[in-house]
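Have a look at the structure below before the remarks.
FYI, side chains are in, hydrogens and waters are out, and symmetry mates aren't considered; it's all heavy atoms of this structure.
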Amino acid sequence: MYGQEEIKPYSEALEKGQQVEQMFNNIAPTYDTLNHRLSWNIDRGWRCKAIEQLAPYRPQTILDIATGTGDFAILAAEMLKPQSLVGADISEGMMYVGREKVKARNLNDIISFTREDCMDLSFADETFDAVTAAFGIRNFENLDRGLKEMFRVLKSGGHLSIVELTAPVSFPMKQLFHIYSHTVLPVYGRIISKDNSAYNYLTRTIEAFPQGERMVGILSEAGFSEASFKRLTFGICTMYFAEK
């Protein structure tokens with residue numbers, strides 16, 4: 001383990017999973033607005049690229065882990081046209097927003113949401129053609145265990161597509177991102193979301209999360225093969241792809 005389970009949103013004596021659930025319930029009403037503004041709307045393009053990785057394989061059953069308010073799930077349903085897509089998350093507050101968006105787009109017959117502990121998924125082995133995760137796995141209480149669960153529910157020959165925020169490694173983006181993430185992001189996030197801890201926590205998880213070759217190694221240890229990565233937008237985001 002890389003130790004990120006020790007990073008918690010709040011100082012109270014709760015397990016990380018409980019704190020993450022509380023945090024996302026708190027910020028759910030403003031989450032989409034903040035996401036798009038803080039990323040200058042580039043986040044939609046990142047999601048599209050992660051979905052395009054799956055297009056050649058035409059997955060018909062998809063599990064979107066840490067689905068949040070369903071942005072990735074909705075985009076995947078529209079781009080890939082699967083038979084069914086399940087969005088799983090620990091936060092009912094986030095999924096409530098997602099359900100309203102799905103209803104507005106008349107996608108209820110394809111997309112469903114379910115509350116799940118990503119460390120212990122309720123689905124049977126080899127259930128899904130594809131498993132996806134957008135900007136959520138860095139919140140796992142135990143990354144190794146969460147990835148092994150994703151591997152377990154994926155069918156043999158199925159594919160994993162992940163897109164995650166990362167800290168740039170090259171000058172000058174490394175220095176610019178550090179300034180932005182430690183000043184603009186937490187202050188603006190606090191003003192809009194009214195949560196004093198959430199966007200400080202976001203910065204800390206981005207900096208602590210394993211990326212690039214290190215993350216590819218972790219995916220391989222979880223059982224995945226052909227794991228690869230691609231940095232996007234000067235390394236602010238990284239896309240991963242792997243097969244079972």
Side-chain angles (χ1 to χ4, degrees), residues 2-4 7 9 24 27 30-56 64-76 79-80 131-140 143 146-147 159-193 197-220 224 226-243:
Y2 68 101
Q4 192 185 343
I7 299 176
F24 280 114
I27 67 175
T30 58
Y31 181 80
D32 284 340
T33 299
L34 272 167
N35 252 13
H36 301 319
R37 288 183 182 177
L38 290 170
S39 71
W40 308 289
N41 283 316
I42 301 173
D43 59 310
R44 179 180 171 86
W46 294 336
R47 289 183 177 92
C48 285
K49 288 183 181 296
I51 293 167
E52 286 168 358
Q53 294 186 121
L54 294 170
D64 185 36
I65 289 288
T67 193
T69 61
D71 271 2
F72 193 91
I74 290 167
L75 201 56
M79 291 176 63
L80 299 175
V131 176
T132 62
F135 315 119
I137 63 171
R138 71 180 185 281
N139 297 309
F140 281 3
L143 178 61
L147 290 174
H159 294 86
L160 172 72
S161 183
I162 293 172
V163 61
E164 188 55 84
L165 294 172
T166 46
V169 295
S170 301
F171 177 86
M173 283 303 300
K174 178 179 180 179
Q175 289 75 18
L176 291 172
F177 182 78
H178 179 83
I179 294 169
Y180 177 77
S181 63
H182 283 267
T183 56
V184 177
L185 195 154
V187 172
Y188 189 62
R190 182 167 61 248
I191 291 169
I192 301 298
S193 71
S197 300
Y199 287 84
N200 283 315
Y201 165 79
L202 170 65
T203 296
R204 285 157 47 219
T205 58
I206 293 171
E207 292 175 342
F209 193 75
Q211 58 179 295
E213 292 86 353
R214 188 177 171 204
M215 182 63 181
V216 164
I218 292 172
L219 287 168
S220 298
F224 292 99
E226 305 298 326
S228 62
F229 75 95
K230 182 178 181 180
R231 290 190 173 94
L232 305 174
T233 317
F234 307 106
I236 294 173
C237 178
T238 303
M239 193 165 60
Y240 301 92
F241 195 66
E243 183 178 340

Looking only at heavy atoms, which two atoms of [X] and [Y] are closest? And how far apart?
X      : Y      : result
Ala55  : Leu80  : CA-CD2, 3.7 Å
Ala134 : Asp64  : N-OD1, 4.5 Å
Ile218 : Pro210 : CD1-CG, 3.6 Å

Kindly say whether [Y] contributes a backbone atom to a donor-acceptor pair with the side chain of [X] at under 3.5 angstrom?
X      : Y      : result
Glu164 : Gly136 : yes
Tyr240 : Lys230 : no
Ser161 : Ala50  : yes

Would you say that [X] contacts [Y] through its side chain, given a criterion of any heavy-atom pair below 4.5 Å between the two side chains?
X      : Y      : value
Arg138 : Gln211 : no
Phe209 : Leu165 : no
Gln53  : Val163 : no
Phe229 : Leu219 : no

Nearest 0.5 Å please: distance from the [atom1] atom of [X] over to the [atom2] atom of [Y].
X      : Y      : atom1 : atom2 : result
Leu54  : Thr132 : CG    : OG1   : 7.5 Å
Thr69  : Ile74  : OG1   : CD1   : 7.5 Å
Phe135 : Thr205 : CZ    : OG1   : 12.5 Å

- Item | No-hydrogen, no-angle side-chain donor-acceptor test under 3.5 Å, His159 and Glu226 | no
- Query: Sequence neighbours excluded, which residues qualify as side chain to side chain contact (heavy atoms under 4.5 Å, CB included) partners of Ala133?
  - Reply: Ile65, Ile137, Met150, Ile162
- Query: Looking at residues at least two apart in the chain, or sitting in another chain, which of them share a side chain to side chain contact (heavy atoms under 4.5 Å, CB included) with Thr233?
  - Reply: Ile42, Trp46, Ile236
Using distance only, find each side-chain donor-acceptor pair of residues 166-176 under 3.5 Å and give its atom names and separation, not counting sequence neighbours.
{"residue": "Thr166", "atom": "OG1", "partner": "Gly235", "partner atom": "O", "Å": "2.9"}
{"residue": "Thr166", "atom": "OG1", "partner": "Thr238", "partner atom": "OG1", "Å": "2.8"}

- Task: Show the numbers, then the answer: is there a side-chain contact (heavy atoms from CB on, under 4.5 Å) between Leu147 and Met215?
- Result: CA-CA 11 Å; Leu147 290 174; Met215 182 63 181; 4.2 Å; yes
- Query: Relative to each other, are the rings of Tyr31 and Phe24 parallel, tilted or perpendicular (30° and 60° limits)?
  - Reply: perpendicular
- Taking it one step at a time, do Glu207 and His182 satisfy side-chain contact (heavy atoms from CB on, under 4.5 Å)? CA-CA 11 Å; Glu207 292 175 342; His182 283 267; 2.5 Å; yes
